[in-house]
Amino acid sequence: MLARTFMASPDKAKRGIPSKEDFNLWYPAIVEIADLVDKRYPIKGMDVWKPYGWKAMMLIDGLTRAEMDRTGHEEYNFPLLVPEDLLEKENRLVSLLKKAREEGVDPDELRLDEEEAGFKKEVYWVKHAGENELELPMFLRPTSETPMYTMFPLWVRSHGDLPLKTFQIVNTFRYETKQTRSFIRVREIHFFEAHTAHKDQEGADAQIEEDAVIVQNLLHDLCFPAIVSKRPVWDTFPGAWFSNAVDVVMPNGRTLQVATYHHYKDQWAKAFDLKYEDTEGQSQFCHQTTFGMSERMLGAVVGMHGDDAGLIFPPKIAPIQIVLMPVAQHLDEDVIPSINKIADTLKSAGYRVKVDDRDLRPGAKHYDWEIKGVPLRLELGPRDLKSGQFVLSMRTGGKASHDVDELLNVISDSLDATESELRNRAAVHMEHLVLDFPGIEQSSDGWKLTKPLEDGKVYQLAFDGNDSDAEILEKATGLTFLGDCIDSYNEPQPCAVTGRMTTRKQHLARMY
RNA sequence: GGGCCUGUGGGUUAGUCUGGCCUAUGCUAGAUGGUUUGGGACCAUUUGACCCUGGUUCAAAUCCAGGCAGGCCCA
């Protein structure tokens, strides 16, 4: 009977949130229901950030800025517009590099259908200013290599100017023609990019290692794991010597590239004439790296941690960490002052809190804050005032009374517990989504999988083949190689195609 | 790039095929007043919509054309 009453209107109970089982419905619904964005702005792929979503993004940026500060990067802000002739410079570089690569790399590593490199096809153009057509059109940055590397040579003169470690957090624009999805594929991208210049390759090597640590620190705070891979040659950023990418496995088994860091060696420096004078008075080209991340990080947080009841924010980036709910305040005039006092105590201790004194029944408030993913909810009513306690509900589950005297300890422990619970869940989730590749065999009528693959999974395998071997696998599975995983196998395994023993671990996945 | 589909209050939905009793339905959200408040309360009153521009017609939310916006599938 009780269950019946409770289930009386399941749609209403869930505010229309589809089950997360159906991730492709759940994700777009939750970003709007939780009030992160409003998708109704009339341009495809350009959502309006609502305050709650923007705050979460700002907190992620805050973590990034702290890492930049720790590692001695300085924040810049470059113009949004880039004159067309600079694109020509970049195109020249890309075609030169393409040629160089074709000459210098094992032909097996190249793909014939390699697409025209760069972002040329997806830039927005500014061709008029007022009434006049511009003699030199400008485009909106799809990324900032070009504008930044135009300025770097003016700033770098001597070895004393190096390393130059810069970053900026800005919006970039890409004209996506495919289906867009909030945070995951958008046309105006909230983008972080770090660009560095070093004296030599070793300097750039060290930077790449530092980038790897920064990514791990961020992933730790966001409470989920990721697969870090060196992208295959054919999937390397134009102009890069190599590209490392960080992929998060979303619940539908698709991988989402949330960060990349590229080692450029001195290739871009040669195109942009970025030189310095060394201690011997010799002119040398710099070696450069870039490191990019975007609002996709927030998309990964939403996808990784949310559940059927809504979002769950990791405490480090929760716009509200603790919501305080006065209960039955009309029955006891001390309720409001007492809860305000608790709020002040928590604020002074550095927590992000909100007192929800709306005239609603407590249940409605609980559901509201569950949808928004607030990690902790604290209730205080007349009963608690008498016993000197408060009631604490955790978004990850569980509810208990605690002494007010213990407030700060309880909150601190509960937020820690939330973080470790989220990390555990994310790890379990990865285990279910990443499977061992069953194997592939050559028969008279071509290559056949030894066992059919499951939909919505990522497959890991030992692989030591060349590009045509990779294509055999991609064709047979319909999946894409992420590249050489940074975590290789401890013991050599036979390569899935060639049978050669190797410790190289690779993943096959469907990418966003 | 090629093909298919859709557009009704803030959200969701009925009505469109078969033009007229549509002065446009239900739910939800919003406003006002009152009763309520320890896991989704209720009563009363109330605001609010046919994507845009043309066309056909005595008559268009409904049919036609174009535009804009959104979604899906294939390369």
What integer distance in Å separates [X]:[atom1] from [N]:[atom2]?
{"X": "A:Arg377", "N": "B:rG38", "atom1": "CZ", "atom2": "C1'", "answer": "13 Å"}
{"X": "A:His366", "N": "B:rG38", "atom1": "NE2", "atom2": "P", "answer": "10 Å"}
{"X": "A:Glu32", "N": "B:rU28", "atom1": "CD", "atom2": "P", "answer": "21 Å"}
{"X": "A:Tyr367", "N": "B:rA29", "atom1": "OH", "atom2": "C1'", "answer": "19 Å"}
{"X": "A:Leu385", "N": "B:rG38", "atom1": "CG", "atom2": "C1'", "answer": "12 Å"}
{"X": "A:Ile339", "N": "B:rG38", "atom1": "CD1", "atom2": "C1'", "answer": "12 Å"}

Pairing nucleotide - [N], Watson-Crick or G-U, each distance under 3.5 Å:
{"N": "B:rG10", "value": "B:rU28"}
{"N": "B:rG39", "value": "none"}
{"N": "B:rU53", "value": "B:rA65"}
{"N": "B:rG70", "value": "B:rC5"}
{"N": "B:rG20", "value": "B:rC58"}

Every protein N/O lying under 3.5 Å from an N/O of nucleotides 6-13 of chain B:
from: B:rG10; atom 1: O3'; to: A:Arg40; atom 2: NH1; distance (Å): 2.8
from: B:rG10; atom 1: O2'; to: A:Arg40; atom 2: NH1; distance (Å): 2.9

Distance between the [atom1] atoms of [N] and [M], in whole angstroms?
{"N": "B:rC74", "M": "B:rU16", "atom1": "P", "result": "32 Å"}
{"N": "B:rA59", "M": "B:rG19", "atom1": "C1'", "result": "8 Å"}
{"N": "B:rC50", "M": "B:rU12", "atom1": "P", "result": "16 Å"}
{"N": "B:rG26", "M": "B:rU37", "atom1": "C1'", "result": "29 Å"}
{"N": "B:rG55", "M": "B:rA69", "atom1": "P", "result": "24 Å"}
{"N": "B:rU62", "M": "B:rC51", "atom1": "C1'", "result": "15 Å"}
{"N": "B:rG15", "M": "B:rU8", "atom1": "C1'", "result": "9 Å"}
{"N": "B:rG9", "M": "B:rA14", "atom1": "C1'", "result": "14 Å"}

Exercise for review: Please list all pairs passing the side-chain hydrogen bond (donor to acceptor under 3.5 Å, both in side chains) test where one or both residues lie in residues 50-59 of chain A, with sequence neighbours left out.
Suggested key: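 Residue pairs with at least one partner in residues 50-59 of chain A: A:Asp35-A:Lys50.
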Practice item. Please name all residues satisfying ring pair (Phe, Tyr, Trp, His ring centres under 6.0 Å) with A:Phe23, sequence neighbours left out, ordered by chain then number. Key: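 For A:Phe23 the ring pair (Phe, Tyr, Trp, His ring centres under 6.0 Å) partners, ignoring immediate neighbours, are A:Trp26, A:Tyr27.
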Exercise for review: Please work out whether the ring planes of A:Phe183 and A:Trp49 are parallel, tilted or perpendicular, with thresholds of 30° and 60°.
Suggested key: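 Rings of A:Phe183 and A:Trp49: tilted, 30 to 60°.
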Check your understanding: Among pairs that include at least one residue of residues 380-411 of chain A, which meet ring pair (Phe, Tyr, Trp, His ring centres under 6.0 Å), considering only residues two or more places apart or in two chains?
Key ->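 Residue pairs passing ring pair (Phe, Tyr, Trp, His ring centres under 6.0 Å), neighbours aside: A:Phe390-A:His402.
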Point to revise | Pairs involving residues 316-336 of chain A, ordered by first then second residue, that meet ring pair (Phe, Tyr, Trp, His ring centres under 6.0 Å) (sequence neighbours left out) | key: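 Matches after skipping sequence neighbours: none remain.
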Exercise for review: Determine, for nucleotides 47-53 of chain B in 5'-to-3' order, which nucleotides have protein heavy atoms under 4.0 Å from the base (write B), from only the sugar-phosphate (write S), or from neither (write -).
Suggested key: -------
Check your understanding: Along nucleotides 69-75 of chain B, 5' to 3', which nucleotides get a B, which get an S, and which get a -, given that the test is a protein heavy-atom distance under 4.0 Å?
Key -> SSSS---
Practice item. Please check if the side chain of A:Arg296 supplies one atom and the backbone of A:Ile184 the other of a donor-acceptor pair under 3.5 Å. Key: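 Checked: pair present.
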Check your understanding: For A:Gln442, does the CD atom have more than 12 heavy-atom neighbours from other residues, nucleotides or ligands under 6.0 Å away?
Key ->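 Atom CD in A:Gln442 is packed in, count exceeds 12.
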Check your understanding: Would you call A:Arg40 and A:Glu32 a salt bridge, using N to O less than 4.0 angstrom?
Key ->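 No salt bridge links A:Arg40 with A:Glu32.
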Exercise for review: May I ask you to say whether A:Asp247 pairs ionically with A:Arg231, meaning some side-chain N is under 4.0 Å from a carboxylate O?
Suggested key: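 Yes, A:Asp247 and A:Arg231 are salt-bridged.
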Point to revise | Distance-only donor-acceptor test, A:Lys365 side-chain atoms vs B:rG39 base atoms, 3.5 Å | key: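 By the distance-only test, no, there is no pair.
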Partners of [X] by salt bridge (Lys or Arg N to Asp or Glu O under 4.0 Å), sequence neighbours excluded?
{"X": "A:Lys448", "value": "A:Asp445"}
{"X": "A:Asp47", "value": "none"}
{"X": "A:Asp384", "value": "none"}

Exercise for review: Could you grab the distance from atom CZ of A:Phe481 to atom CG of A:Asp469, nearest 0.5 Å is fine?
Suggested key: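 One finds 8.5 Å between CZ of A:Phe481 and CG of A:Asp469.
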Point to revise | Heavy-atom pair with the smallest gap, counting every atom of A:Ile312 and A:Thr396 | key: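 The answer is CG2-CG2, 4.4 Å.
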**Study point:** Residue list, side-chain hydrogen bond (donor to acceptor under 3.5 Å, both in side chains) with A:Arg395, at least two apart or on another chain
**Key:**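 Per chain and number, A:Arg395 pairs via side-chain hydrogen bond (donor to acceptor under 3.5 Å, both in side chains) with A:Asp307.
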Distances under 3.5 Å between nitrogen or oxygen atoms of protein and nucleotides 30-37 of chain B:
from: B:rU36; atom 1: O2'; to: A:Arg361; atom 2: NH1; distance (Å): 3.2
from: B:rU36; atom 1: O4; to: A:Asp359; atom 2: OD1; distance (Å): 3.1
from: B:rU36; atom 1: O4; to: A:Asp359; atom 2: OD2; distance (Å): 2.8
from: B:rU37; atom 1: OP2; to: A:His330; atom 2: NE2; distance (Å): 3.4
from: B:rU37; atom 1: O2'; to: A:Ala328; atom 2: N; distance (Å): 3.4
from: B:rU37; atom 1: O2; to: A:Leu360; atom 2: O; distance (Å): 3.3
from: B:rU37; atom 1: N3; to: A:Asp359; atom 2: OD1; distance (Å): 3.3

